[in-house]
K.L.:
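Structure in structure tokens, see below.
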Amino acid sequence: MPEPAIQLIDVNKFYGNYQALNAVNLEIAQGERLVVCGPSGSGKSTMIRCMNRLEEHDSGRILIEGIELNDNLQALDEVRREVGMVFQDFNLFPHMSVLTNCALPLMRVRKVKQQDAEAAAMVQLGRMKIASQAGKYPDELSGGQQQRVAIARALCMQPRIMLFDEPTSALDPEMVGEILDCMIELADEGMTMVCVTHEMGFARRAADRVAFMAEGEIVEVATPDRFFDDPSHEKTKAFLAQILER
Amino acid sequence: MVETVLAPPIQEAGIAQWLKRHLFANWLDSIITIVFGTLALWALFKVFGWGVLGAVWSLEDRELCRSAEGACWAVIEARGRLILFGLYPFEQHWRSTLACGTIVATIVLSCLPWFWGLKRLPLLWLTGFGLFVLLMYGGVFGLPVVTTEQWGGLALTVFIFASVVVIGMPLSVILALARRSRMPIVSKLAGATIDIVRSLPLLTILFAAAVVVPFVVPEWAQGDKLGRVILAFAVFFACYQAEIIRAGLQSIPPGQEEAAAALGMKYYDRVFDILLPQAFRNTLPSTINQFVITFKETSIVTIIGFFEVMASGNAAVGTGNWTTQYVEVYVFVGAIYFFFVFGLSRYGSYLEKRVRLRIA
């Protein structure tokens with residue numbers, strides 16, 4: 001059996017006395033798409049941010065492509081090269097053009113020459129259908145366009161895993177669709193994806209499994225069909241009732 | 001419903017309308033306009049009468065100075081070289097002029113975006129400062145040696161300013177980054193350094209560097225007095241500038257560094273490509289402010305016996321027959337400061353506009 005893309009074993013995380021993650025166990029296979037949902041404060045973002053060590057877990061083990069995340073900085077560099085991340089607030093670099101936003105990390109991290117990096121950036125920008133905006137600066141773009149650039153920027157590094165931390169939550173409703181389309185396209189290409197989102201339509205369409213979190217614990221993990229039609233846990237039912245009511 | 005179409009309001013044009021709207025809108029406005037207008041005109045007339053109409057311009061008319069109503073600009077002709085060159089040997093003044101031009105050119109070139117690179121900028125500075133020292137100090141190509149004690153006037157002022165900024169800026173970046181370090185020893189040490197230096201007056205620091213260091217430090221490590229003073233001044237500058245940069249770093253949303261880290265960028269790439277450019281951009285006005293303050297504070301080195309332009313101005317009226325013409329000399333020196341400081345602030349607003357237009 002091939003090794004899982006992501007493995008969380010008994011992971012705990014505290015902020016002071018507050019327990020953000022409580023004995024989280026999770027295994028994500030190569031090429032699998034996992035959607036994580038749950039009420040705010042349930043630890044979804046903390047968990048996904050632990051997967052590339054933007055947050056450090058306090059106990060337990062996290063393995064990405066078999067590499068353990070700990071104080072070993074070399075291992076961390078290796079993991080971050082393989083794991084792309086997309087944030088709620090896009091986090092594009094405001095002092096650089098769209099093209100430089102995508103090309104510079106390639107030049108710095110993979111030591112690619114400027115010309116080649118820009119060519120590679122244009123490919124990914126084209127894939128996100130935003131190549132025509134390459135010369136603009138981030139704040140000249142709409143939220144949806146910025147988020148597509150952010151996805152392109154992450155894809156430039158040729159990651160094997162993509163993490164999405166509420167990628168549509170900061171967007172105006174009419175722009176959510178274009179981002180979800182991009183993500184569905186990625187999913188169809190077989191990228192390993194972990195996505196924190198409340199877009200249940202996306203979960204049904206693209207996810208292999210859906211995980212529900214509450215109070216720092218993973219309450220339930222199931223296929224979309226079972227998750228939506230026949231949730232086994234009371235908390236899941238309550239959450240789904242609330243979310244689908246809207 | 002019937003729509004009522006109103007004609008657009010008639011735009012009142014003409015000087016009379018403008019005056020009425022902006023200066024004489026009501027009786028209070030009118031009084032203020034008349035009072036301050038009169039005061040301004042009177043002051044302008046006085047200054048013009050003193051500085052131009054009643055002024056004595058030529059050294060040949062110098063006898064007139066005693067009786068003239070206005071300024072005696074002849075003093076500048078007589079003492080100008082002392083003001084501009086200080087104690088620098090008379091026959092060698094051309095060297096000081098060239099050196100001063102070199103340093104000013106270096107400053108101007110440093111301001112051009114084309115030179116902003118980790119190779120170009122140091123190379124430019126090395127050339128500029130090297131040429132300056134070569135010209136001023138001499139000792140090669142048959143140029144007689146002029147020791148730093150004899151350096152003076154405008155060349156010295158500009159040299160001290162430029163050196164303090166060139167040494168102080170990198171130092172301030174190091175201090176700012178150290179203060180934000182996750183290692184407590186490093187951040188505490190940087191914090192203590194900044195707080196201690198900032199709590200001391202510049203005068204004390206320069207005095208210690210010039211006078212106290214020779215008693216404490218072995219002779220081989222003392223270096224030149226001017227060098228010590230510049231270094232101490234640069235540390236002082238760096239501690240203030242470090243806090244400005246730190247404020248700039250703190251104003252950047254944490255998501256910026258997280259995004260860079262998530263892309264795999266290492267600490268120094270994150271600092272130099274993502275954080276510092278934004279920090280400088282955010283703190284441009286305060287940085288230019290710090291430069292202006294530093295330029296004017298160079299006059300403090302007079303206290304330890306360096307004749308920069310202000311001290312030279314004092315010397316120009318302090319001796320001989322020109323003691324009554326101190327106002328003219330101060331106006332002249334003031335004009336020199338104004339020239340540089342105004343240039344700096346214009347450059348600052350150019351940079352701000354450039355940042356806003358995002359050619360940067």
Side-chain angles (χ1 to χ4, degrees), chain A residues 45 48-49 51-56 73-74 76-98 100-111 135-140 146 149-159 161-165 170, chain B residues 113-114 116-120 173 177 180-184 186 244-245 247-287 348 350-360:
Chain A
S45 281
I48 202 171
R49 286 161 61 85
M51 291 176 182
N52 63 354
R53 211 169 165 80
L54 287 182
E55 304 281 354
E56 294 173 15
L73 288 178
Q74 253 174 330
L76 180 60
D77 285 337
E78 214 171 310
V79 165
R80 283 183 175 164
R81 275 199 295 268
E82 299 303 330
V83 179
M85 189 166 199
V86 174
F87 299 83
Q88 181 176 345
D89 301 318
F90 329 134
N91 293 337
L92 295 178
F93 307 132
H95 58 300
M96 297 175 190
S97 69
V98 163
T100 315
N101 257 284
C102 297
L104 187 91
L106 260 183
M107 290 157 60
R108 295 292 182 265
V109 178
R110 297 220 191 259
K111 312 290 174 208
K136 288 199 178 161
Y137 282 80
D139 68 0
E140 293 171 295
Q146 289 192 47
V149 172
I151 297 173
R153 180 174 71 177
L155 290 177
C156 280
M157 306 301 293
Q158 307 278 359
I161 300 170
M162 283 287 282
L163 309 176
F164 293 85
D165 188 3
Chain B
W114 191 82
W116 298 345
L118 284 176
K119 276 180 206 140
R120 285 171 186 171
V173 170
L177 292 176
R180 280 168 55 91
S181 167
R182 284 169 78 181
M183 288 177 275
V186 176
I244 293 177
I245 294 174
L249 290 170
Q250 269 167 353
S251 70
I252 302 170
Q256 288 288 313
E257 188 166 11
E258 284 175 5
L263 285 161
M265 291 174 76
K266 301 216 172 103
Y267 176 75
Y268 285 102
D269 292 330
R270 299 201 296 262
V271 166
F272 285 102
D273 290 321
I274 310 302
L275 298 182
L276 281 180
Q278 294 188 59
F280 276 119
R281 219 171 81 158
N282 296 345
T283 56
L284 208 55
S286 359
T287 302
Y350 154 76
L351 276 186
E352 276 175 57
K353 216 173 290 166
R354 187 187 142 97
V355 163
R356 229 174 296 137
L357 294 175
R358 306 273 221 44
I359 315 155

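Just so we're on the same page: letters track the sequence lines, and every chain starts at 1.
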K.L.:
A/Arg153 versus chain B, heavy atoms under 4.5 Å apart: side chain, backbone, both or neither?
P.N.:
both

K.L.:
Hey, is the main chain of B/Gly255 close enough, under 3.5 Å, to the side chain of A/Asn91 for a donor-acceptor pair?
P.N.:
yes

K.L.:
Applying side-chain contact (heavy atoms from CB on, under 4.5 Å), name anything that partners B/Gln278, two or more places apart in sequence or on another chain.
P.N.:
A/Pro94, A/His95, B/Ile252, B/Gln256, B/Ile274

K.L.:
Using heavy atoms and a sub-4.5 Å threshold, report which of residues 76-84 of chain A line up against chain B, by residue number.
P.N.:
A/Asp77, A/Arg80, A/Val83

K.L.:
Shortest non-hydrogen contact from A/Pro105 to B/Leu263?
P.N.:
CG-CD1, 3.7 Å

K.L.:
Test side-chain contact (heavy atoms from CB on, under 4.5 Å) on B/Lys266 and A/Leu73; report intermediate values, then the result.
P.N.:
CA-CA 10 Å; B/Lys266 301 216 172 103; A/Leu73 288 178; over 6 Å; no

K.L.:
Using non-hydrogen atoms and a 4.5 Å limit, figure out which bit of B/Asp269 sits close to chain A: side chain, backbone, both or neither.
P.N.:
side chain

K.L.:
Select, from A/Leu106, A/Asn52, A/Leu92, A/Leu163, the one with the greatest count of heavy-atom pairs under 4.5 Å involving chain B.
P.N.:
A/Leu92

K.L.:
Please rank B/Ala260, B/Pro277, B/Ala261 by heavy-atom pairs under 4.5 Å with chain A and give me the top one.
P.N.:
B/Ala261

K.L.:
Considering only heavy atoms, which portion of A/Phe93 lies under 4.5 Å from any heavy atom of chain B: side chain, backbone, both, or neither?
P.N.:
both

